[in-house]
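Residue numbers start from 1 in every chain, and the chains themselves are labelled A, B, ... in the order their sequence lines are given, proteins ahead of strands. As the structure is a prediction and not an experimental result, all values here were calculated from the model.
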Amino acid sequence: GAGVSQTPSNKVTEKGKYVELRCDPISGHTALYWYRQSLGQGPEFLIYFQGTGAADDSGLPNDRFFAVRPEGSVSTLKIQRTERGDSAMYLCASSSPERDDNEQFFGPGTRLTVL
Amino acid sequence: AQSVSQHNHHVILSEAASLELGCNYSYGGTVNLFWYVQYPGQHLQLLLKYFSGDPLVKGIKGFEAEFIKSKFSFNLRKPSVQWSDTAEYFCAVNPSYSSASKIIFGSGTRLSIRP
């Protein structure tokens, strides 16, 4: 079956602009996660959705970052007034809470570059 | 602070050498433990996981890991590496009783295998 997909694969923007990154999880997965991975680092948790609601948004770095999942499937990560420090790979993952082991399946990521 | 530590940033081995990558975590209580791998140009994928039971866990491609609770460690091993094992390896912890919640990743170990 289809895995997690993310669009765009690459996004180049200018400092101060607004960007949206999209994640399409595996069909039937009710849990969805966003991570950010900077060069040379491991993925860093941003936010976790269970269904339509954000169950844990403790990883969002500041109020410029926001994510939605209005219908409990596709999610959009929104970044306002982008800064050069926002440049990173943004990863999305999904999982099925019916599984006990919380295996998260990752997408290919969106590489964001803020000039 | 709660964290996941991977001691080796870059490991270089020859083919057929044995591998051990260290991982320590600082969370108390019940944890789920993972090793993820990222091959060049590919997205993160699960190598193996520990949830409960036998602390020696077998994964794909001949990898295994041992959970030693007293040492808060989950080291990854492979008796004989191949050139195709060249990748970035991430240890990760799900520090929660909840089956679906965030994963905390280590900073990764880059493994380079000389043919």
Is chain B contacted by the side chain of A:L91, its backbone, both, or neither, given a heavy-atom distance below 4.5 Å? side chain

Heavy-atom closest pair, residues B:K102 and A:S58: NZ-OG, 3.4 Å

Out of curiosity, does [Y] fall in the hydrophobic cluster containing [X] (side-chain heavy atoms, cut-off under 4.5 Å, transitive links)?
X	Y	result
A:I26	A:L77	no
A:L46	A:F105	no
B:L19	B:F67	yes
A:V4	A:I47	no
B:I60	B:Y50	yes

Non-neighbouring partners of A:F65 that pass ring pair (Phe, Tyr, Trp, His ring centres under 6.0 Å), sequence neighbours left out: none

Any side chain to side chain donor-acceptor pair (under 3.5 Å) involving residues 55-76 of chain B? Give me the pairs, sequence neighbours left out, ordered by first then second residue. B:E20-B:N75, B:Y39-B:K61, B:K58-B:E64, B:E64-B:R77, B:E66-B:R77

Proximal component of B:Q38, with respect to chain A [non-hydrogen, under 4.5 Å]: side chain

For B:H10, does the NE2 atom sit with more than 12 other heavy atoms under 6.0 Å from it, leaving out its own atoms? yes

To the closest 0.5 Å, what do you measure between [atom1] ([X]) and [atom2] ([Y])?
X	Y	atom1	atom2	value
B:H43	A:C92	NE2	SG	11.5 Å
A:M89	B:L44	CE	CG	9.5 Å
B:N94	A:Q104	CG	CD	7.5 Å

Apply side chain to side chain contact (heavy atoms under 4.5 Å, CB included) to residues B:I103 and A:Y35 and explain how you reach the verdict. CA-CA 9 Å; B:I103 290 178; A:Y35 294 85; 3.5 Å; yes

Begin with the C-alpha distance, continue with both residues' side-chain angles, and end with the deciding distance and a verdict on ring-ring contact (aromatic ring centres under 6.0 Å, His included) for B:Y36 and A:F106. CA-CA 10 Å; B:Y36 278 84; A:F106 283 81; 5.4 Å; yes

Under the side chain to side chain donor-acceptor pair (under 3.5 Å) rule, collect the residues that match up with B:W35, sequence neighbours excluded. none

Close contacts, residues 36-43 of chain A versus chain B, judged by heavy atoms under 4.5 Å: A:Q37, A:G40, A:Q41, A:G42, A:P43

